[in-house]
Amino acid sequence: MERALVLMGCAIGAGLSMIAGIGPGIGEGYAVGKACEAIARQPEQKGSVTTTMLMGCAIAETTGIYGLVVGMLLIFLAPGMFLNRL
């Protein structure tokens, strides 16, 4: 019974950590849309806008990567750690 509860908790936690991938997707889409608007208004600033947009998207993507890492740890590492203590 304890084994099932540990595996269930890890699976639910991993699923919830994957929700962290939604935020970066929405934020990056919004940033790219606004960058396209800025370039349409001032085409001479294309290089500056693109550089800033790419830097912001890279920083926003780290949130999704952290969520992925936590999910992978909960799936592959945590069950073994918790089950060894039972």
Side-chain angles (χ1 to χ4, degrees):
M1 182 67 172
E2 295 89 12
R3 178 177 167 79
L5 287 174
V6 167
L7 293 175
M8 179 189 68
C10 289
I12 290 172
L16 290 174
S17 72
M18 290 294 103
I19 294 174
I22 295 172
I26 293 171
E28 289 173 19
Y30 185 76
V32 170
K34 290 296 182 177
C36 289
E37 289 177 15
I39 292 170
R41 288 187 189 137
Q42 294 182 338
E44 66 276 359
Q45 294 294 322
K46 179 182 178 184
S48 175
V49 170
T50 303
T51 303
T52 305
M53 179 202 60
L54 289 175
M55 192 65 125
C57 285
I59 292 170
E61 190 64 31
T62 59
T63 305
I65 293 171
Y66 289 146
L68 176 67
V69 168
V70 168
M72 296 297 240
L73 289 174
L74 282 171
I75 290 172
F76 295 111
L77 187 64
M81 288 175 51
F82 290 127
L83 291 176
N84 288 338
R85 293 178 189 231
L86 295 178

Contacts of L73 meeting side chain to side chain contact (heavy atoms under 4.5 Å, CB included) (sequence neighbours excluded), chain-then-number -> V69, L77

Contacts of V49 that satisfy side chain to side chain contact (heavy atoms under 4.5 Å, CB included) - sequence neighbours left out:
A35, A38, I39, Q45

Which ILVMFWY residues are connected to L74, directly or by a chain of links, through side-chain heavy atoms under 4.5 Å apart?
V70

Which residue pairs pass the salt bridge (charged side-chain N to carboxylate O under 4.0 Å, His left out) test with at least one member in residues 19-35, sequence neighbours excluded?
K34-E37

N/O donor to acceptor pairs below 3.5 angstrom from side-chain atoms of residues 6-14, sequence neighbours left out:
none

Going by the rule side chain to side chain contact (heavy atoms under 4.5 Å, CB included), which residues pair with L54 if we only count those two or more places apart in sequence or in a different chain?
T50

For I26, enumerate each residue passing the side chain to side chain contact (heavy atoms under 4.5 Å, CB included) test, keeping only those at least two apart in sequence or located in another chain.
I22

Checking one residue: M1. Which other hydrophobic residues are in its cluster under the side-chain 4.5 Å linking rule?
none

Can you name the residues that form a salt bridge (charged side-chain N to carboxylate O under 4.0 Å, His left out) with K46, not counting sequence neighbours?
none

Could you identify which residues cluster with F76, counting Ile, Leu, Val, Met, Phe, Trp and Tyr as linked when any side-chain heavy atoms lie under 4.5 Å apart, either directly or through a chain of such contacts?
M18, L68, M72, I75

